[in-house]
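The first residue in the sequence is number 1, and the count goes up from there.
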Amino acid sequence: MADEVVLLDFWPSMFGMRVRIALAEKGIKYEYKEEDLKNKSPLLLQMNPIHKKIPVLIHNGKPVCESLIIVQYIDEVWKDKSPLLPSHPYQRAQARFWADFVDKKVFDVSRRLWTTKGEEKEAAKKEFFETYKILEGELGDKPYFGGETFGYVDLALVTFYSWFYVFETFGEFNIEAECPKIIAWAKRCLQKESVAKTLPDQKKVYEFVGQMRKRFGLE
């Protein structure tokens with residue numbers, strides 16, 4: 001029986017992009033359903049009743065929620081092609097640690113760059129670069145976080161690249177000037193078709209964020 005795969009998602013979501021890249025890496029055909037987060041579909045509420053958030057992967061009628069958990073699931077179910085997590089238990093644990101770091105640190109500080117003002121924004125700018133310097137240290141001279149091949153941590157972080165123009169514009173800084181290794185790494189990731197075809201245009205994301213800021217009364 002052919003697998004039935006459906007993805008409930010929202011185009012600017014860096015979390016949803018992770019799942020789209022993983023599916024592309026594995027060459028999995030799926031049905032994409034765009035969600036209106038102001039008017040969530042009955043299917044989303046049924047499939048993710050706890051968090052009521054995207055992305056949700058529905059595999060043969062069964063839902064899997066939370067982006068990193070979905071990516072791990074995809075890697076385990078379709079394990080014959082393009083492994084995303086390392087095979088060695090210690091390396092797998094390290095990959096999970098750094099992906100968790102991205103979720104806990106990178107997302108929060110990035111969001112504060114475009115949702116705050118004044119001293120709060122200045123503090124976010126400082127923390128943003130401290131966070132990315134830590135990631136640069138972990139990347140070191142390797143082409144990818146896991147070594148020679150694109151993998152789990154790269155996939156967890158590279159989706160933020162589509163928001164870099166937002167961060168730079170509202171943060172009033174240049175990421176490449178402060179973190180050249182991160183930009184070089186992101187451009188390396190973008191050479192992969194799975195990444196290039198998934199990440200939306202940075203200016204399109206900026207326009208979306210502009211509308212969000214107006215709605216939040218930040219403009």
Minimal non-hydrogen separation, [X] against [Y], with atom names:
X    : Y    : value
L190 : A196 : O-CB, 3.4 Å
M47  : P49  : C-CD, 3.4 Å
T159 : L199 : CA-CD1, 4.2 Å
I70  : P55  : CD1-O, 3.5 Å
C189 : D154 : SG-CB, 4.3 Å
L44  : K53  : CD1-O, 3.5 Å

Side-chain contact, heavy-atom cut-off 4.5 Å: [X] with [Y]?
X    : Y    : value
W98  : I134 : yes
C65  : I50  : no
Y161 : W185 : no
I21  : V158 : yes
M17  : P200 : yes
R92  : R96  : yes
P63  : N48  : no
F15  : D9   : no

Legend entry - F107/F160 under side chain to side chain contact (heavy atoms under 4.5 Å, CB included): CA gap, chis, key distance, verdict: CA-CA 8 Å; F107 176 70; F160 285 82; 4.0 Å; yes
Inset, instruction - Under the side chain to side chain contact (heavy atoms under 4.5 Å, CB included) rule, collect the residues that match up with Q46, sequence neighbours excluded. - result: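 Partners of Q46 by the side chain to side chain contact (heavy atoms under 4.5 Å, CB included) criterion, ordered by chain and then number, come out as L43.
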Inset, instruction - Establish, from distance only, whether the side-chain atoms of R20 and T198 form a donor-acceptor pair under 3.5 Å. - result: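 Not at all, the side chains of R20 and T198 share no donor-acceptor pair under 3.5 Å.
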Legend entry - Any donor-acceptor N or O pair under 3.5 Å, side chains Y132, E136: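 Judged by distance alone, the side chains do not pair up.
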Would you confirm whether [X], through its side chain, and [Y], through its main-chain N or O, come within 3.5 Å as a donor-acceptor pair?
X    : Y    : value
K121 : G118 : no
D75  : L85  : yes
N60  : E4   : yes
K26  : S82  : yes

Inset, instruction - Take E130 and K133, measure what salt bridge (Lys or Arg N to Asp or Glu O under 4.0 Å) needs, and give me the verdict at the end. - result: CA-CA 5 Å; E130 284 171 357; K133 292 283 184 195; over 6 Å; no
Is any NZ, NE, NH1 or NH2 atom of the basic residue among [X] and [Y] found under 4.0 Å from an Asp or Glu carboxylate oxygen of the other?
X    : Y    : result
R112 : D108 : yes
D3   : K29  : no
K105 : E127 : yes
E207 : K204 : no

Inset, instruction - May I ask you to decide if the ring planes of F164 and F167 are parallel, tilted or perpendicular, using 30° and 60° as cut-offs? - result: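 Ring orientation of F164 relative to F167: tilted.
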Legend entry - Mutual orientation of the aromatic rings belonging to W78 and H59 [parallel < 30°, tilted 30-60°, perpendicular > 60°]: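 It falls in the tilted class, 30° to 60°.
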Legend entry - Worked check of side chain to side chain contact (heavy atoms under 4.5 Å, CB included) between Y30 and V19: CA-CA 11 Å; Y30 64 98; V19 180; over 6 Å; no
Legend entry - More than 12 heavy atoms from other groups under 6.0 Å of NZ on K142: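 Check passes, neighbour count above 12.
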Inset, instruction - Give a yes or no on whether K33 atom NZ has more than 12 heavy-atom contacts from other residues, nucleotides or ligands under 6.0 Å away. - result: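 Result for NZ/K33: open.
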Can you tell me how far apart [atom1] ([X]) and [atom2] ([Y]) are? Round to the nearest 0.5 Å.
X   : Y    : atom1 : atom2 : answer
L37 : K52  : CG    : NZ    : 14.0 Å
I28 : L23  : CD1   : CG    : 5.0 Å
W11 : F208 : CH2   : CZ    : 6.5 Å
Y32 : L7   : OH    : CG    : 6.5 Å
M14 : S110 : CE    : OG    : 6.0 Å
S67 : L155 : OG    : CG    : 8.5 Å

Legend entry - side chain to side chain contact (heavy atoms under 4.5 Å, CB included) assessment of Q202 paired with E168: CA-CA 11 Å; Q202 291 190 351; E168 290 185 320; 5.6 Å; no
Legend entry - ring-ring contact (aromatic ring centres under 6.0 Å, His included) partner of Y206, chosen from W163, F170, W114: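 Per the ring-ring contact (aromatic ring centres under 6.0 Å, His included) rule, the option paired with Y206 is F170, out of W163, F170, W114.
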Legend entry - Pair listing, salt bridge (Lys or Arg N to Asp or Glu O under 4.0 Å) test, anchored in residues 176-192, at least two apart: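 Residue pairs with at least one partner in residues 176-192: E25-K192, D141-K181.
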Legend entry - Derivation and outcome, side chain to side chain contact (heavy atoms under 4.5 Å, CB included), residues V153 and F97: CA-CA 9 Å; V153 182; F97 172 87; over 6 Å; no
